[in-house]
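Residues: numbered from 1 along the sequence shown.
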Amino acid sequence: MTHIPQISRRSFITSVAALSGGMALGFHLRAGIGRAEAATGPAEVNAWVVIQPDDTVIIRVARSEMGQGISTSLPMLVAEELQCDWSKVRAEFPSPDENLRRKRAWGEMSTGGSRSVRTSQEFLRKAGAAAREMLVAAAAAQWNVPVAECQAANSVVTHKPSGRTLRYGEVAEAAAKLPPPAEPKLKDPKDWTLLGTPQRRFDTLDKVTGKPLYGIDVRVPNMVYAAIVQCPVFGGAPKSYDDSKLRGLKGVRQVVRLPNAVAVVADSWWQAKTALDALPVTWDAGENGKVSTAGIADLLRGGLAAPEAAVVRKNGDVEAALANAAKRLEADYGAPFLSHATMEPQNCTAHVSSGKVEIWVATQSGEAALAAAAAAAEVPPEQVVVHKTMLGGGFGRRGAVQDYVHQAVLIAKAVGQPVKLLWTREEDIRHDFYRPTAMARFTAGLDASGMPIAWRVRVTGPSIIANLFPQRLTGGVDQSFANGFTDEMAYEVSNYEVSYAMRTTHVPVGFWRSVNHSQNGFFRESFIDEMAHAAEQDPYQYRRKLLSKDPVRLAALDAAAQKAGWDKPPSRGISRGIALVEAYGTLCAQVAEASVGNNGEVRVHRVVAAIDPGHVVNPEILRAQTESGIVYGLSAALYGAITIENGRVKQGNFDDYEMLRLAGMPVVETAVVASGGFWGGGGEPAVPPLAPALCNAIFAATGKRVRSLPLKGQDLKRA
């Protein structure tokens with residue numbers, strides 16, 4: 001079949017037989033160029049760098065672009081060391097199947113955990129440095145001069161004694177034939193000229209004009225559509241259905257039964273959805289049909305006092321210190337299940353033919369999508385081709401779990417032609433892998449000056465690792481559930497103990513933006529405020545005392561407080577709260593300014609954030625990600641809650657699982673604090689501080705301590 005490109009995003013047509021090596025973003029892309037092709041065109045200097053004769057530099061990006069800007073920031077890491085002309089740089093996304101064929105030349109292709117920059121930066125910078133050294137060596141060989149006499153800058157190699165020059169495009173072919181240096185020399189950060197500067201994103205204009213291809217936009221020849229309904233109770237299965245009800249309905253092709261769902265295939269998605277609504281399905285709910293939110297809460301409350309909890313951190317003697325404390329504080333906190341609520345519902349287009357599989361999918365993990373497709377079709381991974389598209393939101397939902405890929409391939413295999421599976425919004429919210437519900441119990445002892453000398457933390461809830469990767473548990477314990485209380489614990493407390501009681505429910509849990517930091521940041525920073533209040537001290541100054549021996553964390557806290565004008569009274573009717581959380585190697589402090597109306601309605605007026613990831617690649621992208629995290633965290637704090645009744649999720653769309661609307665958006669100000677010396681993530685660290693900063697502001701306004709989320713439905717009238 002032939003490839004028929006279209007400019008219009010909605011009318012994009014792509015061939016089932018096409019083997020595209022890149023992801024269509026609207027800017028320059030090519031299929032992977034191998035060394036054998038270098039003689040007639042672009043030269044692959046290494047797996048990351050391809051240089052064309054006209055000096056265009058193509059930099060490969062192995063991660064997924066879902067709005068976080070890695071299609072610009074990752075090339076910046078390479079280009080800084082490559083010493084190329086940034087105006088001539090383009091991005092290319094190699095496919096997971098090509099990565100498999102080339103024995104993972106681009107490493108693992110998963111995008112999550114704020115890892116794109118922080119875990120890629122070293123090998124990407126080395127890729128750029130190695131390519132630069134190879135280009136210089138090739139030019140020196142052509143001139144027959146020592147390499148030490150040559151210098152690369154702005155895509156030109158110059159022989160310093162003679163002034164002779166060669167463009168990168170002129171020597172790339174020769175450079176591609178040279179062995180790569182074992183240890184290319186990296187620049188000192190003080191010598192960076194590109195990194196740390198606010199470069200314009202490659203994809204902005206194309207997104208504004210609607211050029212990029214998202215999974216929901218894919219069209220392939222001879223394609224049909226599938227709508228799906230899954231058992232409303234997790235773990236259940238279809239018992240029976242009467243497809244005679246669909247006879248004579250226009251466009252309906254087939255009903256496909258899956259292990260936990262039923263799909264209808266038709267000539268259009270709306271025909272499939274309409275037929276599915278008319279299809280009576282009887283479900284076997286299994287033993288989970290009576291589970292409720294109240295029952296799950298009771299299960300977790302039992303975990304707060306359970307003797308078998310695993311201790312994941314312990315310093316000093318908490319019991320002895322508590323016995324000698326001048327004041328003792330206790331509090332329980334809770335947080336609900338949360339859905340990812342990506343704007344683009346889950347979808348995948350699949351074709352299974354002659355033992356081969358081809359999929360078009362918005363995924364955070366191309367390799368996981370490939371594995372899911374291979375497993376569903378029961379073919380070797382080498383028989384799968386994956387076309388990654390842009391993602392209309394990920395937040396962790398499109399990462400480790402590729403259930404929609406598995407379903408699409410099963411349906412395509414049953415139908416025998418290309419099928420696009422598209423979930424409804426209701427299916428998307430009711431069949432998520434949710435941020436775990438969690439509870440925490442705190443016991444703290446303060447000395448006569450009000451400072452903590454003992455702190456016991458107990459957290460409980462379902463484990464993501466146990467649900468998805470049980471082999472990664474450490475002695476049967478998920479250490480990550482206590483994130484924010486273990487290695488990232490910012491405050492100095494001599495006697496400190498953290499334990500985790502795992503409590504498993506039938507509700508599937510998965511990675512959600514900032515994962516366990518999201519609830520633990522709320523728990524911890526709210527309780528720090530309780531300590532400050534008990535000590536009759538300003539919450540900002542109280543934190544400063546706890547951070548007196550940690551200048552880096554203290555600087556982030558100070559930056560937020562100073563930018564917010566903490567030392568000056570807020571406007572009349574406005575109250576402030578502050579929080580500091582470290583997640584994914586990055587510090588983020590936030591000050592929230594909020595008011596509470598006479599009827600308890602909350603209005604957030606301003607959020608000031610200070611973020612320190614150590615080194616900063618592109619400050620504007622980092623600011624955008626920080627503001628994005630604040631929006632995401634604010635939506636969850638105000639409205640987010642997935643509740644269970646009769647084993648099933650009650651919420652189904654944005655009328656009952658609300659998102660922050662434009663009218664409720666506060667002013668956001670971000671200070672980028674680049675302390676250097678380390679590499680942190682940028683996509684998730686701004687989510688956890690928002691809820692505690694806001695709830696601490698609500699306490700300042702009302703005297704009411706918020707110990708559970710969301711705020712919606714709570715009595716927040718002034719005490």
Side-chain angles (χ1 to χ4, degrees), residues 484 490-491 514 517-518 521-533 537-547 550 552-583 586-596 602-613 622-638 660 664-673 675 684-703 705-706 709 711 716:
Y491 307 110
S514 77
H517 290 285
S518 62
F522 164 61
F523 298 159
R524 190 190 81 185
E525 289 299 295
S526 297
F527 192 65
I528 286 286
D529 251 50
E530 294 207 45
M531 292 185 193
H533 180 69
Q537 297 184 33
D538 176 87
Y540 162 51
Q541 295 298 335
Y542 191 80
R543 285 174 171 82
R544 293 197 88 252
K545 292 179 183 179
L546 289 171
L547 297 172
D550 193 333
V552 175
R553 289 185 172 102
L554 185 59
L557 181 73
D558 285 345
Q562 290 165 13
K563 190 173 182 66
W566 189 274
D567 59 341
K568 300 175 184 178
S571 301
R572 184 186 178 108
I574 304 294
S575 297
R576 292 190 182 118
I578 193 167
L580 170 69
V581 176
E582 179 180 349
T586 291
L587 296 162
C588 188
Q590 291 178 21
V591 174
E593 295 185 346
S595 62
V596 180
V602 175
R603 171 77 185 188
V604 185
H605 300 270
R606 181 184 181 217
V607 178
V608 175
I611 189 159
D612 181 8
L622 181 60
R623 285 191 181 92
Q625 280 295 281
T626 302
E627 293 167 7
S628 166
I630 288 169
V631 174
Y632 203 71
L634 184 53
S635 290
L638 292 173
L660 185 69
M665 182 65 193
V667 173
V668 178
E669 301 173 24
T670 302
V672 174
V673 185
S675 61
E684 298 171 273
V687 177
L690 187 283
L694 171 58
C695 292
N696 293 337
I698 291 171
F699 176 78
T702 67
R705 183 64 66 183
V706 177
L709 295 174
L711 296 173
L716 298 176

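- Between Tyr491 and Arg524, some side-chain heavy-atom pair lies under the 4.5 Å cut-off.
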Taking it one step at a time, do Val673 and Leu587 satisfy side chain to side chain contact (heavy atoms under 4.5 Å, CB included)?
CA-CA 9 Å; Val673 185; Leu587 296 162; over 6 Å; no
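- Annotation for His517 and Pro688: closest pair O-CB, 3.4 Å, computed over non-hydrogen atoms.
- Remark: of the listed residues Ile630, Val608, Ile611, Leu580, Ile630 is the sole one forming a side chain to side chain contact (heavy atoms under 4.5 Å, CB included) with Gln590.
- Counting heavy atoms from C-beta outward, Pro539 and Trp566 have side chains that approach closer than 4.5 Å.
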Applying side chain to side chain contact (heavy atoms under 4.5 Å, CB included), run through Leu694 and Leu711 and close with a yes or a no.
CA-CA 10 Å; Leu694 171 58; Leu711 296 173; 3.6 Å; yes
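- In this structure Glu525 satisfies the salt bridge (Lys or Arg N to Asp or Glu O under 4.0 Å) test together with Arg543, sequence neighbours excluded.
- Contact of the Pro613 side chain with the Leu622 side chain is registered, since non-hydrogen atoms from C-beta on lie closer than 4.5 Å.
- Checking side-chain atoms of Arg553 against main-chain N and O of Leu547 turns up no donor-acceptor pair under 3.5 Å.
- Checking side-chain atoms of Ser628 against main-chain N and O of Ala624 turns up no donor-acceptor pair under 3.5 Å.
- Shown here for Ala594 and Ala697, the closest heavy-atom pair between the two residues is CB-CB, 4.3 Å.
- In this structure, the side chain of Ser518 does not engage the main chain of Ser514 through any donor-acceptor pair within 3.5 Å.
- To the nearest 0.5 Å, atoms NZ (Lys545) and CD (Gln537) are separated by 3.5 Å.
- When the salt bridge (Lys or Arg N to Asp or Glu O under 4.0 Å) test is applied to Glu627, no partner is found at least two apart in sequence or on another chain.
- Evaluation of the side chain to side chain contact (heavy atoms under 4.5 Å, CB included) rule for Arg544 yields Tyr540, Gln541, Leu554, Leu557, Asp558 as partners, not counting sequence neighbours.
- Glu669 has its side chain within reach of Val667: a pair of non-hydrogen atoms, C-beta onward, lies under 4.5 Å apart.
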Between Ile574 and Ser595, does a side chain to side chain contact (heavy atoms under 4.5 Å, CB included) hold up when you go through it step by step?
CA-CA 5 Å; Ile574 304 294; Ser595 62; 4.1 Å; yes
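- Listed by chain and number, the residues in a side chain to side chain contact (heavy atoms under 4.5 Å, CB included) with Ser675 are Val552, Asp612, Phe678 (sequence neighbours excluded).
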Under the side chain to side chain contact (heavy atoms under 4.5 Å, CB included) criterion, do Lys563 and Val591 qualify, and how do the steps go?
CA-CA 9 Å; Lys563 190 173 182 66; Val591 174; over 6 Å; no
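- You'll find the side chain of Val706 reaches within 4.5 Å of the side chain of Leu716, heavy atoms only.
- Taking each heavy atom of Pro666 and Leu660 in turn, the nearest pair found is CD-CD2, 4.5 Å.
- Remark: Arg623 engages Glu620 in a salt bridge (Lys or Arg N to Asp or Glu O under 4.0 Å) (not counting sequence neighbours).
- Across every non-hydrogen atom of Cys588 and Pro685, the tightest pair is CB-O, 3.6 Å.
- Ala610 and Ala560 make their closest contact through CB-N, 3.5 Å (heavy atoms, listed as atom of the first residue, atom of the second, distance).
- Rounding to the nearest 0.5 angstrom, the gap separating the CZ atom in Arg576 from the CG atom in Asn696 is 14.0 Å.
- Partners of Ala700 according to the side chain to side chain contact (heavy atoms under 4.5 Å, CB included) rule, which considers only residues two or more places apart in sequence or in another chain, are Ser575.
- Smallest separation of non-hydrogen atoms from Ala556 and Ala589: O-CB, 3.6 Å.
- Summarising the geometry, atom CD belonging to Glu684 is positioned 10.0 Å from atom OG1 belonging to Thr586; distances are rounded to the nearest 0.5 Å.
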